[in-house]
Amino acid sequence: MRFIFIILGIISTILALVLSILPFGTIAFVPIVSALIFSLIAFKISKKEGKSSSLIKILLVFVIIALGLTIYNISKPNIVNDEIESISKENQTTEDSIEELESIDIEE
Amino acid sequence: MRRIICTFFVVLIATLSFAQNKTIAAGEKLTFTASYNMSGFLTDLAQVTMETSTVKTSKNTFLRLRFKANTYTKWDSYFKIDDYYESYVNPETLQPYLYKREINEGGYYKFMQYNFDPKAKSVKSVKRKKRKDGTFWDENSNLSIGENTRDIVTTLYHIRNLDLDKAAIGSSDTFTVLFDNKQTKVKFTLLAKETIATNIGKKECYKLSISLNDGDVLKGTNSNLIWLTADANKIPVLAKFKIAIGNGELKIQSATGLKHK
């Protein structure tokens, strides 16, 4: 039983770390919560059976790191990085469009 | 005879008043957040803006209607979107004269241009694509269109210009949209009038459903919805869409330069 929860904890922690690095937002909380639950169950079983819990403690550290990364990513404001490039591109498009529109007479 | 002339003028005035732009002014800017639904969690993907501005040529003044979609910087290293759709229209009637669409999506590039000739009911189309070696190739074609065929940008602004306050709940209207050189019928149905909370306050809105008569881009029945404020500006504040790869939504963040204060 302890072994199964450790394996589930490892899988969830890896998934939590991957999702917390990628910009998927709140979805990373799903493996974080799962990893926490599995690790805590494994920790309790280990204590009960008097077995080593060092691996579980490492997992919990990684889960906290994933949690921190997710909260940091969510709290960052959404920005678009296109200002200067976009303005010059837009000006070029407008100039091209004016050339295209020069020959047109708007129908009233 | 007098009755016929009278009826003719009533119809003419009604038609002209329908065709007049009462909603869209130059300088309007609407900003939206586009989110994608991943297993029930909405993830912010991109910023979408709808902007209007005046463009002058030596003979005329056009109203430029521009949509822009850019992924947030956090997504740029994985999948960058840099798209724009724009239409140059008659500021009084919203009749389109020039339409441009450029999409840059994760390395995929496509450019479309339509030069509308309303008198001849035709469109000169240019499609530009990028080869794998980085060079471009153009495909030119001439298309015959119907009297009320518009591009997608003008259609969305045209809907904002409709007298929705006079439409009954359940009523629908179909518009012909020229997209990728194909004329597609898009049906808009007024489903309800409801009040929703948005980032620009609580708004009473017209809830419209969008469906395509042909084509299967949009999925589901009444799954593609748009909420327009039930005021003189009729600004889109929320849109929900369902496509083959999932569903998402567009939420308004800010609205400036509106015609009616």
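Both backbone and side-chain heavy atoms feed into the values below; hydrogens, waters and symmetry mates do not. Below, chain A is the first sequence line, B the second, and so on; all start at residue 1.
- Atom-to-atom distance recorded for N78(A):CG and W75(B):CH2 is 11.0 Å, nearest 0.5 angstrom.
- Interface check for chain A: of the options V55(B), L45(B), T73(B), the most heavy-atom pairs under 4.5 Å are formed by T73(B).
- For a residue to count as touching a neighbouring chain, one of its non-hydrogen atoms must lie under 4.5 Å from one of that chain's; by this rule S53(B) does not touch chain A.
- For the set R66(B), Q113(B), Q95(B), the count of heavy-atom pairs under 4.5 angstrom toward chain A peaks at R66(B).
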**Q.** Verdict with supporting geometry, T93(A) and K100(B), side chain to side chain donor-acceptor pair (under 3.5 Å)
**A.** CA-CA 9 Å; T93(A) 312; K100(B) 286 180 172 186; 5.8 Å; no
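- In terms of non-hydrogen atom pairs under 4.5 Å with chain A, the most contact-rich of T61(B), D44(B), L42(B) is D44(B).
- Taking a 6.0 Å sphere around OH of Y72(A), one finds it holds 12 or fewer heavy atoms contributed by other residues, nucleotides or ligands.
- More than 12 heavy-atom neighbours from other residues, nucleotides or ligands sit within 6.0 angstrom of NZ on K259(B).
- Atom CG of N60(B) and atom CD1 of I98(A) lie 12.0 Å apart (nearest 0.5 Å).
- In K29(B), the NZ atom is not crowded: 12 or fewer heavy atoms of neighbouring residues, nucleotides or ligands sit closer than 6.0 Å.
- Atom NZ of K110(B) has more than 12 heavy atoms from other residues, nucleotides or ligands within 6.0 Å.
- Annotation: maximal heavy-atom pairing with chain B below 4.5 Å, among T26(A), I79(A), N73(A), occurs at I79(A).
- Counted within 6.0 Å of CD on Q92(A), heavy atoms from surrounding residues, nucleotides or ligands total more than 12; the atom is thus considered enclosed.
- When all heavy atoms are compared, the tightest approach of Y78(B) to I21(A) is OH-O, 4.1 Å.
- Between D82(B) and K89(A) there is a side-chain heavy-atom pair separated by less than 4.5 Å.
- For the atom pair CZ (F41(B)) and CZ (F24(A)), the distance works out to 13.5 Å, reported to the nearest 0.5 Å.
- E100(A) places no side-chain N or O within 3.5 Å of a backbone atom of L98(B) that could act as its donor or acceptor partner.
- Atoms CG and OG, from N115(B) and S97(A) in turn, are 9.5 Å apart once rounded to the nearest 0.5 Å.
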request  = Given side chain to side chain donor-acceptor pair (under 3.5 Å), test R64(B) with T94(A) step by step and report yes or no.
outcome  = CA-CA 9 Å; R64(B) 180 171 69 172; T94(A) 311; 2.7 Å; yes
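- A 6.0 Å sphere centred on OH of Y109(B) holds more than 12 heavy atoms belonging to other residues, nucleotides or ligands.
- To the nearest 0.5 Å, atom OG1 of residue T43(B) and atom CD1 of residue I74(A) are 9.0 Å apart.
- With contacts defined as side-chain heavy-atom distances shorter than 4.5 Å, the pair L101(A)/K59(B) does not qualify.
- In this structure L63(B) satisfies the side-chain contact (heavy atoms from CB on, under 4.5 Å) test together with N21(B), I24(B), A26(B), T52(B), L65(B), V89(B), P91(B), L94(B), sequence neighbours excluded.
- Counting heavy atoms from C-beta outward, I104(A) and Y88(B) have side chains that stay 4.5 Å or more apart.
- Atoms OG1 and CD, from T57(B) and E99(A) in turn, are 12.0 Å apart once rounded to the nearest 0.5 Å.
- The local environment of CZ in F3(A) is sparse, with at most 12 non-hydrogen atoms from other residues, nucleotides or ligands closer than 6.0 Å.
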